[in-house]
Amino acid sequence: MRYSVTDPKRTVANRQGIGMTSQRTRERLVDMLIELGIQDVRVLDVMRSTPRHLFLDEALAHRAYEDKSLPIGHNQTLSRPYTVARMSELLLASCPAKKVLEIGTGSGYQTCILAQLVPRLLTMERIEPLLNRAKRRLQLMDIHNVVYKHGDGYEGWPAREPFDGIMVTAAPSLVPQALQWQLAEGGCMIIPVGDNDQCLLKITRSGNRFSKQKVEAANFVPLVNGLV
């Protein structure tokens with residue numbers, strides 16, 4: 001049976017942890033996200049039910065519900081929970097989000113969150129070992145509405161455009177033009193931009209024009225060309 005974002009029985013809520021990875025710990029994380037300004041109930045519910053510790057090496061699992069970014073290997077990081085929730089909330093509030101492209105699969109955690117919030121998700125990762133590991137994790141968690149690609153995020157996924165939404169989880173120096181043009185009419189892209197002084201942007205397409213709105217300061221690993 002295919003995963004349905006409307007069927008609560010098909011979520012990952014039954015992946016319980018113990019101690020520092022328990023459901024109670026996730027509840028405290030959600031309380032903190034609310035204090036930090038996250039309001040979308042859909043996002044909060046998914047953050048509450050998704051076991052972040054399963055996306056980390058066992059040695060780091062006890063830190064999974066801290067509001068911090070954590071290493072996942074290959075000089076990449078798992079974004080802090082606030083960042084995952086904020087970007088997800090922004091995307092849902094800014095576009096229809098029926099068909100979404102994620103640039104930077106990483107550990108698969110943000111992918112897992114988005115897959116429970118949108119009907120159709122495509123995700124790209126330039127580092128093949130990370131992509132394969134994330135794919136296995138999501139399949140084991142019975143999430144099947146995701147299409148995966150080992151590819152260069154700067155190029156996007158032209159064969160599958162247009163996208164209602166695009167989420168980029170690493171920071172380019174400048175907005176990649178190819179990604180903007182893969183947005184559908186009225187679609188939006190949530191993307192961190194900058195080198196040392198990064199800013200999270202919301203970019204919305206209207207015809208051949210793209211409006212850019214600064215959201216808040218950001219801190220991401222750089223978006224890099226090429227495949228590994």
Side-chain angles (χ1 to χ4, degrees), residues 12 25-56 60-61 63-95 97 100-118 121 123-127 130 134 137-138 153 165-173 175-176 179 188-203 212-224:
V12 294
T25 308
R26 291 199 284 281
E27 294 287 352
R28 288 199 294 267
L29 172 63
V30 169
D31 289 342
M32 179 181 59
L33 293 175
I34 293 172
E35 291 178 5
L36 290 171
I38 303 301
Q39 300 179 16
D40 193 308
V41 174
R42 296 167 296 177
V43 173
L44 292 169
D45 284 347
V46 169
M47 297 289 287
R48 177 182 290 111
S49 66
T50 302
R52 189 172 184 250
H53 60 279
L54 297 184
F55 295 86
L56 292 163
L60 289 172
R63 300 186 59 194
Y65 301 102
E66 299 175 7
D67 189 32
K68 295 180 179 178
S69 60
L70 295 168
I72 58 172
H74 300 274
N75 295 315
Q76 302 298 301
T77 60
L78 172 60
S79 295
R80 58 183 283 224
Y82 168 78
T83 301
V84 172
R86 180 68 168 132
M87 293 178 72
S88 301
E89 183 177 65
L90 275 171
L91 187 75
L92 294 181
S94 305
C95 67
V100 173
L101 173 64
E102 178 193 33
I103 302 295
T105 314
S107 70
Y109 179 67
Q110 174 74 81
T111 314
C112 185
I113 297 297
L114 282 176
Q116 297 173 84
L117 295 168
V118 305
L121 178 64
T123 185
M124 295 181 63
E125 172 58 55
R126 64 180 291 269
I127 303 173
L130 287 181
R137 284 169 173 155
L138 269 67
I166 298 176
M167 180 183 291
V168 184
T169 62
S173 298
V175 177
L179 294 182
C188 78
M189 176 162 54
I190 309 299
I191 179 171
V193 177
D195 296 317
N196 296 325
D197 188 17
Q198 296 179 8
C199 182
L200 189 64
L201 298 181
K202 181 177 77 171
I203 301 173
K212 296 180 175 66
Q213 176 185 343
K214 292 183 178 180
V215 178
E216 58 190 51
N219 184 21
F220 286 78
V221 296
L223 185 66
V224 178

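Nothing fancy with the numbering, it's 1 onward along the sequence.
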Give the minimum heavy-atom separation between [X] and [Y], together with the two atoms involved.
| X | Y | answer |
| --- | --- | --- |
| Y109 | L78 | CB-CD1, 3.4 Å |
| I103 | G153 | CG2-CA, 3.5 Å |
| P172 | P192 | CD-O, 3.0 Å |
| M47 | R26 | O-CD, 4.3 Å |
| T50 | I113 | OG1-CD1, 3.7 Å |
| G37 | E89 | O-OE1, 4.3 Å |

**Asked** Ion pair present between R42 and D45, side-chain N to carboxylate O less than 4.0 angstrom?
**Response**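 Not counted as a salt bridge, because no side-chain N and carboxylate O are separated by less than 4.0 Å.
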
**Prompt:** Is E125 reaching over with its side chain to a backbone N or O of G106, donor-acceptor style, under 3.5 angstrom?
**Reply:**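 Yes; judged by distance alone, with no hydrogens or angles, the pair exists.
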
Would you say that [X] contacts [Y] through its side chain, given a criterion of any heavy-atom pair below 4.5 Å between the two side chains?
| X | Y | answer |
| --- | --- | --- |
| D67 | L36 | yes |
| H53 | L56 | no |
| I34 | L44 | yes |
| K214 | L201 | yes |
| R137 | T111 | no |

Once rounded to the nearest 0.5 Å, what's the spacing between atom [atom1] of [X] and atom [atom2] of [Y]?
| X | Y | atom1 | atom2 | answer |
| --- | --- | --- | --- | --- |
| L101 | L179 | CG | CG | 7.0 Å |
| L130 | H74 | CG | NE2 | 4.5 Å |
| L138 | Q116 | CG | CD | 8.5 Å |
| I190 | L90 | CD1 | CG | 4.5 Å |
| E216 | R86 | CD | CZ | 5.0 Å |
| I191 | K202 | CD1 | NZ | 15.0 Å |

**Audit row: M167, S88, side-chain contact (heavy atoms from CB on, under 4.5 Å) steps and yes/no** = CA-CA 8 Å; M167 180 183 291; S88 301; 4.3 Å; yes

**Counterpart residues, side chain to side chain contact (heavy atoms under 4.5 Å, CB included), relative to S79 (two or more places apart)** =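 Side chain to side chain contact (heavy atoms under 4.5 Å, CB included) check on S79 returns T83, V84, F220.
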
**Request:** Please step through side-chain contact (heavy atoms from CB on, under 4.5 Å) for the pair V193 and K212, ending with a clear verdict.
**Result:** CA-CA 11 Å; V193 177; K212 296 180 175 66; over 6 Å; no

**Prompt:** Under the salt bridge (charged side-chain N to carboxylate O under 4.0 Å, His left out) test, which residues partner D31, sequence neighbours left out?
**Reply:**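 Listed in chain order: nothing, the list is empty.
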
**Item:** Donor-acceptor pair between S107 and Q76 side chains, under 3.5 angstrom
**Value:**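 Side-chain D/A pair, S107 to Q76: absent.
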
**Prompt:** Taking atom types as modelled, is there a side-chain donor on T123 or T105 under 3.5 Å from an acceptor on the other?
**Reply:**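 There is such a pair between these side chains.
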
**Message:** Walk me through whether C112 and R52 qualify under side-chain contact (heavy atoms from CB on, under 4.5 Å).
**Reply:** CA-CA 10 Å; C112 185; R52 189 172 184 250; over 6 Å; no

**Request:** Using the side-chain contact (heavy atoms from CB on, under 4.5 Å) rule, take L91 and C188 through it: C-alpha gap first, then chi angles, then the decisive distance, then the call.
**Result:** CA-CA 7 Å; L91 187 75; C188 78; 4.0 Å; yes

